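Accompanying notes for the structure given below.
Since we're looking at a predicted model, the values are computed, not measured.
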Amino acid sequence: SSTMSFSEAEVQSARGAWEKMYVDAEDNGTTVLVRMFTEHPDTKSYFTHFKGMDSAEEMKQSDQVRGHGKRVFTAINDMVQHLDNSEAFLGILNPLGKKHATQLKVDPKNFKIICDIILQLMEEKFGGDCKASFEKVTNEICSHLNNVYKEAGW
């Protein structure tokens, strides 16, 4: 469905959890991407700049990896500000999903991978409660992205 059902309490705790991650958006975004590229090397194929990079150290230093990590975190941050407004939330998510489906041709399973890594990092840094309060957000993001992909004929 296109409507989201976050209670006021869920919105607040999800925002609180995300804020802790977003304080270090570039570093945390980079960590998430490097982990994804290392654990799921096929995901690198979408990024021409990163293809030749094999060591995590090299990726961590890359301006392109850092820049994309920051972009991913900024996009999630924009969505988190609109958990109580489906229309605004989808206004950010839909064009992003469409671009990844039609122009970039990114397999939608990769969104689940990156969301799981974000949750994993949250848990490592801030504990299980932090992760738990953000899990519903990542589920929403992934399920709406899957809808966008279906509409794009993926």
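Residues that satisfy the ring pair (Phe, Tyr, Trp, His ring centres under 6.0 Å) test with His82, not counting sequence neighbours, are absent from this structure. Judged as a side chain to side chain contact (heavy atoms under 4.5 Å, CB included), and not counting sequence neighbours, the contacts of Leu33 are Met36, Phe37, Val65, His68, Ile114. Applying the ring pair (Phe, Tyr, Trp, His ring centres under 6.0 Å) test to Phe6 and every residue at least two apart in sequence or in another chain returns nothing. The side chain to side chain contact (heavy atoms under 4.5 Å, CB included) search around Asn139 returns none, not counting sequence neighbours. For Glu57, the salt bridge (charged side-chain N to carboxylate O under 4.0 Å, His left out) test picks out Lys60, with sequence neighbours left out. Residues passing the salt bridge (charged side-chain N to carboxylate O under 4.0 Å, His left out) test with Arg66, sequence neighbours excluded: Glu26, Asp27. Contacts of Glu39 classified as side-chain hydrogen bond (donor to acceptor under 3.5 Å, both in side chains), with partners at least two apart in sequence or in another chain: none.
Formation of a donor-acceptor pair under 3.5 Å by the Asn77 side chain with backbone atoms of Phe73 is not found in this model.
Here the shortest heavy-atom pairing between Val148 and Gly97 reads CG1-C, 3.7 Å. Counting all heavy atoms, side chain and backbone alike, Ala56 lies closest to Thr38 at CB-OG1, 4.3 Å. Taking each heavy atom of Leu90 and Pro95 in turn, the nearest pair found is O-CD, 3.8 Å. Gln12 and Glu8 make their closest contact through NE2-OE2, 2.7 Å (heavy atoms, listed as atom of the first residue, atom of the second, distance).
Side-chain contact check for Phe89 versus His144: some heavy-atom pair is nearer than 4.5 Å. With contacts defined as side-chain heavy-atom distances shorter than 4.5 Å, the pair Asn28/Leu121 qualifies. Here the side chains of Leu145 and Glu140 are not in contact, with every heavy-atom distance at 4.5 Å or above. Looking only at side-chain heavy atoms (C-beta outward), Met53 and Ser62 come within less than 4.5 Å of each other.
Among residue pairs with one or both ends in residues 12-21, those qualifying as salt bridge (charged side-chain N to carboxylate O under 4.0 Å, His left out) are Arg15-Asp84; sequence neighbours excluded. Sorted by first and then second residue, the side-chain hydrogen bond (donor to acceptor under 3.5 Å, both in side chains) pairs with a member in residues 128-137 read Glu10-Lys136; sequence neighbours excluded. The ring pair (Phe, Tyr, Trp, His ring centres under 6.0 Å) contacts involving residues 114-140 comprise Trp18-Phe134, where partners must be two or more places apart or lie in separate chains. For residues 103-112, the side-chain hydrogen bond (donor to acceptor under 3.5 Å, both in side chains) pairs, not counting sequence neighbours, are Lys112-Asp116. Sorted by first then second residue, the side-chain hydrogen bond (donor to acceptor under 3.5 Å, both in side chains) pairs that include residues 89-102, not counting sequence neighbours, number zero.
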Derivation of the side chain to side chain contact (heavy atoms under 4.5 Å, CB included) call for Thr74 and Tyr22: CA-CA 8 Å; Thr74 302; Tyr22 195 64; 3.6 Å; yes
Trace of the side chain to side chain contact (heavy atoms under 4.5 Å, CB included) decision for Met21 with Ile76: CA-CA 11 Å; Met21 287 288 278; Ile76 293 173; over 6 Å; no
Audit row: Asp54, Lys44, salt bridge (charged side-chain N to carboxylate O under 4.0 Å, His left out) steps and yes/no: CA-CA 10 Å; Asp54 290 322; Lys44 279 196 297 186; 3.4 Å; yes
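Atom-to-atom distance recorded for Met79:CE and Ile141:CD1 is 5.0 Å, nearest 0.5 angstrom. Note that the CE atom of Met59 and the CZ atom of Phe50 stand 9.5 Å from one another [nearest 0.5 Å]. With rounding to the nearest 0.5 angstrom, the CG atom of Asp63 is 10.0 Å from the OG1 atom of Thr30. Here the CD1-NE2 distance, from Ile113 to His40, works out to 4.5 Å after rounding to the nearest 0.5 Å. Annotation: the span from Ile118 atom CD1 to Thr138 atom OG1 amounts to 8.0 Å, rounded to 0.5 Å.
The number of heavy atoms from other shown groups lying within 6.0 Å of CG (Asp42) is above 12.
Cluster annotation: Leu104 is connected to Val72 through the hydrophobic network of ILVMFWY side chains, with a link wherever side-chain heavy atoms come within less than 4.5 Å.
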